[in-house]
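A short worksheet on the structure shown next.
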Amino acid sequence: MALKTLVKVGKISNLSDARYCSGMSVDMLGFSVVAGQSHYVSPELYKEIRGWFSGPAIVAEAYGLQKGEDLSYILQHYAPDFIELAVEDLLKIHSPYSTFILSSTFEELTTQGSLLAPFRNQISKIIIPASTENKAIDEIARSYKVLLQVDSTTSIHTLLSNPSVNGIVLQGSMEEKPGLKNYDSLSIILEQLEILN
């Protein structure tokens, strides 16, 4: 099975979501790695979850990073393929070896462009709201690969009709109790994106 576009699912905090997304051929799984942030996953829990799936790239969601030195701890304990953060978090980091996914808006990218310039070659993708106008998406896509943050009410096919859109971003959710999980919010989108053999 394959999906029609690149899909990243963030805020993964349980094995159920991780295995479901892996089975649906999601490209990237994001884990909140800064203590105190929503859906935080400790290194111990991450290691336990990580042993049960294969395939997707790992994204360390490092929102709220306090200082650049914290990045080495994240790299050591989560071994991510990408670090995802906001502009204010990125500006605290001095790591020439990491690959970043930046969550932002067109307006912020426009006003902060000069500050982001030193990181240009390290920013792999930009996540922006699905409500962003096509003209703005096209402008961002001249410099970066664009992922749109969507929810289950979003019309996926309309969004993907813009060739400047590289993929979408969804969110996992908490388990009701271990092993008991409602996948409706994810399945509504992922099933629309399935390429049937």
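- Separating the CG atom in Leu102 from the CD atom in Gln122 is a distance of 11.5 Å, to the nearest 0.5 Å.
- Linking ILVMFWY residues whenever their side-chain heavy atoms come closer than 4.5 Å, directly or via other members, places Tyr20 and Leu3 in the same cluster.
- With Asp27 contributing its side chain and Val7 its backbone, the two residues share a donor-acceptor pair below 3.5 Å.
- Smallest separation of non-hydrogen atoms from Leu159 and Ala130: CD2-O, 3.8 Å.
- No side-chain heavy atom of Ser32 sits under 4.5 Å from any side-chain heavy atom of Val41.
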Start with the C-alpha distance between Leu91 and Phe119, add both sets of side-chain angles, then the distance that settles side-chain contact (heavy atoms from CB on, under 4.5 Å), and finish with yes or no. CA-CA 9 Å; Leu91 298 178; Phe119 301 97; 4.0 Å; yes
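- When all heavy atoms are compared, the tightest approach of Leu148 to Pro129 is CD2-O, 3.9 Å.
- Rounded to the nearest 0.5 angstrom, Ile12 CD1 and Glu61 CD are separated by 8.5 Å.
- Side-chain atoms of Gln192 and Lys4, non-hydrogen and from C-beta on, never get closer than 4.5 Å to each other.
- The side-chain heavy atoms of Leu85 and Ile93, taken from C-beta on, include a pair separated by under 4.5 Å.
- The two residues Gln171 and Leu186 make their nearest non-hydrogen contact at O-CD2, 3.6 Å.
- Annotation: the span from Ile128 atom CD1 to Ile137 atom CD1 amounts to 4.5 Å, rounded to 0.5 Å.
- Residue Ala62 comes nearest to Ile74 through the heavy atom pair CB-CD1, 4.1 Å, listed as atom of the first residue, atom of the second, then distance.
- Looking at residues two or more places apart in sequence or on another chain, you find a side-chain contact (heavy atoms from CB on, under 4.5 Å) between Leu75 and Leu71, Pro80, Ile83, Ser98.
- Under the rule for a side-chain hydrogen bond (donor to acceptor under 3.5 Å, both in side chains), the partners of Ser143 that lie at least two apart in sequence or sit in another chain are Arg120.
- The CE atom of Met24 lies 5.0 Å from the CG atom of Leu190; values are rounded to the nearest 0.5 Å.
- Criterion: ILVMFWY side-chain heavy atoms under 4.5 Å apart, direct or through other members. Under it, Tyr144 and Leu115 are part of a common hydrophobic cluster.
- For Asn134, the side-chain hydrogen bond (donor to acceptor under 3.5 Å, both in side chains) partners at least two apart in sequence or on another chain are Asn162.
- Between Met28 and Ile101 the shortest side-chain heavy-atom distance falls below 4.5 Å.
- Residue pairs meeting the salt bridge (charged side-chain N to carboxylate O under 4.0 Å, His left out) criterion with at least one partner in residues 80-96, sequence neighbours excluded, are Lys8-Glu84.
- For Tyr63, the ring-ring contact (aromatic ring centres under 6.0 Å, His included) criterion is met by no residue, not counting sequence neighbours.
- Residues that satisfy the side-chain hydrogen bond (donor to acceptor under 3.5 Å, both in side chains) test with Glu133, not counting sequence neighbours, are absent from this structure.
- Residues that satisfy the side-chain contact (heavy atoms from CB on, under 4.5 Å) test with Pro118, not counting sequence neighbours, are absent from this structure.
- Under a hydrophobic clustering in which Ile, Leu, Val, Met, Phe, Trp and Tyr are joined whenever their side-chain heavy atoms come within less than 4.5 Å, directly or via other members, Leu6 and Ile156 fall into different clusters.
- Ser104 places a side-chain heavy atom less than 4.5 Å from the side chain of Leu109.
- The side-chain contact (heavy atoms from CB on, under 4.5 Å) test applied to Thr99 returns Phe82, Ser124, not counting sequence neighbours.
- Side-chain contact between Leu193 and Ile168 is present, with at least one heavy-atom pair separated by less than 4.5 Å.
- How far CD1 of Ile126 is from OG1 of Thr105: 10.0 Å, rounded to the nearest 0.5 Å.
- By the side-chain hydrogen bond (donor to acceptor under 3.5 Å, both in side chains) test, Lys67 pairs with Asp70, sequence neighbours left out.
- Listed by first then second residue, pairs satisfying salt bridge (charged side-chain N to carboxylate O under 4.0 Å, His left out) with a partner in residues 105-115 number zero, not counting sequence neighbours.
- Rounding to the nearest 0.5 Å places CG of Asn166 at 6.5 Å from OG1 of Thr5.
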In residues 45-60, what donor-acceptor pairs under 3.5 Å come from side-chain atoms, sequence neighbours left out?
unit_1, atom_1, unit_2, atom_2, d
Tyr46, OH, Tyr78, O, 3.2
Arg50, NH1, Phe53, O, 2.9

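- Transitive grouping of hydrophobic side chains (ILVMFWY, heavy atoms separated by less than 4.5 Å) brings Leu15 and Val9 into a common cluster.
- Each of Val26 and Ile127 belongs to its own hydrophobic cluster when Ile, Leu, Val, Met, Phe, Trp and Tyr are linked at side-chain heavy-atom distances under 4.5 angstrom.
- Contacts classified as side-chain hydrogen bond (donor to acceptor under 3.5 Å, both in side chains) and involving residues 33-43 (residues at least two apart or in different chains) are given here: Ser42-Glu44.
- A donor-acceptor distance shorter than 3.5 angstrom exists from the side chain of Thr110 to the backbone of Phe106, with no hydrogens or angles considered.
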